2 protein chains.
Amino acid sequence: MNGKCKISMAVIRRLPKYHRYLKDLLNRDIKRISSKELSDIIGFTASQIRQDLNNFGGFGQQGYGYNVEELYYEIGKILGLTKDYKTIIIGAGNLGQALANYTNFERVGFEVKALFDINPKLFGIKIRDIEVRDMDNVKEFIKDKDIDIAILCTNKGSAQGVADKLVDSGIKAIWNFAPIDIRVPKDVIVENVNLIESLLTLTYLYKSVNQ
Amino acid sequence: MNGKCKISMAVIRRLPKYHRYLKDLLNRDIKRISSKELSDIIGFTASQIRQDLNNFGGFGQQGYGYNVEELYYEIGKILGLTKDYKTIIIGAGNLGQALANYTNFERVGFEVKALFDINPKLFGIKIRDIEVRDMDNVKEFIKDKDIDIAILCTNKGSAQGVADKLVDSGIKAIWNFAPIDIRVPKDVIVENVNLIESLLTLTYLYKSVNQ
């Protein structure tokens, strides 16, 4: 498999979907599937599916289709699911607390080790068994606990300053829920979840079908 | 302006970003801006920006650039922000409650009128002033209150059944946070926020820079 080739972001963003559907097939004890059958359940065309999976060396066999279990594990490997990830959440407001409560993340190997906030009233509060800690100690915590990913749930105004601090602490991947584009060095990954942008896409589409 | 032409989803997904940056410019009392200056702050190329905005008839003038206020309001109009939207949240778990608490939605004209759940223990609880109600009464509520958009925060297993019920109640737009692709008739809009897919994109990118 050629893991070094340049894959387009469009393909990459489809991989988690393949992964999810393959998991469902595995749960239903289905052993193999053709690109045509996969197309029927995922909604991409069969040719799109073959093309996508060929980017990673191709897993299918002519006349047999794909081995579901193999494909599931290979895509998991490509997605980086061969290790567990230690994460912290910055910002223990509603969204931060909701994410700390979201147990689905653990199923894909994500463990939230702590929440951090600047509000002393929140220090020591526990969400499940995850403690809210003082933002002043974040750098030490990241080093000590070998944190891989930070989940940014601050407000807009604090986000860039917090991101700078995280980068300075050695964080290489930020999952950003703050409604702002943060600036980071080139070797740091940012994945944005911008809820307002998603909502405005919905209103655009709503308007276009209801006018 | 030709609002009926077919605009690609890639362009549409950039519009909320233009809208957000133009709002910042307005707040800083900046009256006009060239595509080059806009490019410097948004990060898209100037030619991309001109091309995007031309899709909607073009707002700029050669040698003058864009009128910030006009462009902000026009993009708002395109995004459907000329009306207020009445929404309900289905699923009053952690995520549903966090979204009910997220006041940023109100700034773009979204009012959450109620949460709905099937768990009687939650009925009557209030998140800010938003009450959790019995899912059995959702259809009546949608009709009575003229609800435009439903925000789906149930678990995976309940999502399709709830979506069917919403469609049956006349809902034309669903903002889906459940980790599943729901099936709806063609005249119903679904915008997905799939947190696990976003997270797996992050781990893919993390792996690709850290290997």
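Computed from a prediction, not measured in an experiment: that's the story for all the values here. What you see below is based on every heavy atom in this structure, not just the backbone, and it leaves out hydrogens, waters and symmetry mates. Naming: A, B, ... by sequence-line order, numbering from 1 per chain.
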Practice problem: Please lay out, stage by stage, how A:V193 and B:V193 fare under the test side chain to side chain contact (heavy atoms under 4.5 Å, CB included). | Solution: CA-CA 8 Å; A:V193 178; B:V193 178; 4.2 Å; yes
From CA spacing to verdict: side chain to side chain contact (heavy atoms under 4.5 Å, CB included), B:L15, A:L200 | CA-CA 8 Å; B:L15 289 182; A:L200 296 190; over 6 Å; no
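Within the model, atoms CZ of A:R20 and CD1 of B:I196 stand 10.0 Å from one another, a figure rounded to the nearest 0.5 Å. Once rounded to the nearest 0.5 Å, the distance linking CG of A:L79 with CG of B:L205 reads 10.0 Å. If you take CD on A:E191 and CG on B:L195, they are separated by 10.5 Å, rounding to the nearest 0.5 Å. We find the CD1-OG1 distance between A:I149 and B:T203 to be 6.5 Å, quoted to the nearest 0.5 Å.
Across A:A173, A:P179, A:S198, the residue that shares the most heavy-atom pairs under 4.5 angstrom with chain B is A:S198. The candidate from B:T82, B:D24, B:D148 with the greatest count of non-hydrogen atom pairs under 4.5 Å with chain A is B:D148. With chain A as partner, the option from B:I12, B:L199, B:I189 having the largest number of non-hydrogen pairs under 4.5 angstrom is B:L199.
Residue B:T201 comes nearest to A:M9 through the heavy atom pair CG2-CE, 3.8 Å, listed as atom of the first residue, atom of the second, then distance. Closest of all the heavy-atom pairs between A:Y204 and B:I78 is CD1-O, 3.1 Å.
When the shell of 6.0 Å around NZ of A:K83 is examined, it contains more than 12 heavy atoms from other residues, nucleotides or ligands. Counting heavy atoms of neighbouring residues, nucleotides and ligands inside a 6.0 Å radius, atom CZ of B:F44 exceeds 12 of them. By the neighbour-count criterion of 12 heavy atoms within 6.0 Å, atom CZ of B:F123 is densely surrounded, having more than that number from other residues, nucleotides or ligands. The environment of B:K17 atom NZ is dense: over 12 non-hydrogen atoms of other residues, nucleotides or ligands sit within 6.0 angstrom.
In this structure the side chain of B:R13 never reaches within 4.5 angstrom of the side chain of A:E197, judged on heavy atoms.
Residues of residues 89-98 of chain B lying under 4.5 angstrom from chain A, judged on non-hydrogen atoms, are B:N94, B:L95, B:A98 by number. Using non-hydrogen atoms only and a strict 4.5 Å limit, the part of residues 151-170 of chain B facing chain A consists of B:K156. Contact residues of residues 102-114 of chain B toward chain A are B:Y102, B:N104, B:F105, B:V108, B:F110 (heavy-atom distance under 4.5 Å).
B:N192 is linked by a side chain to side chain contact (heavy atoms under 4.5 Å, CB included) to B:N176, B:D181, B:V190, counting only residues two or more places apart in sequence or in another chain.
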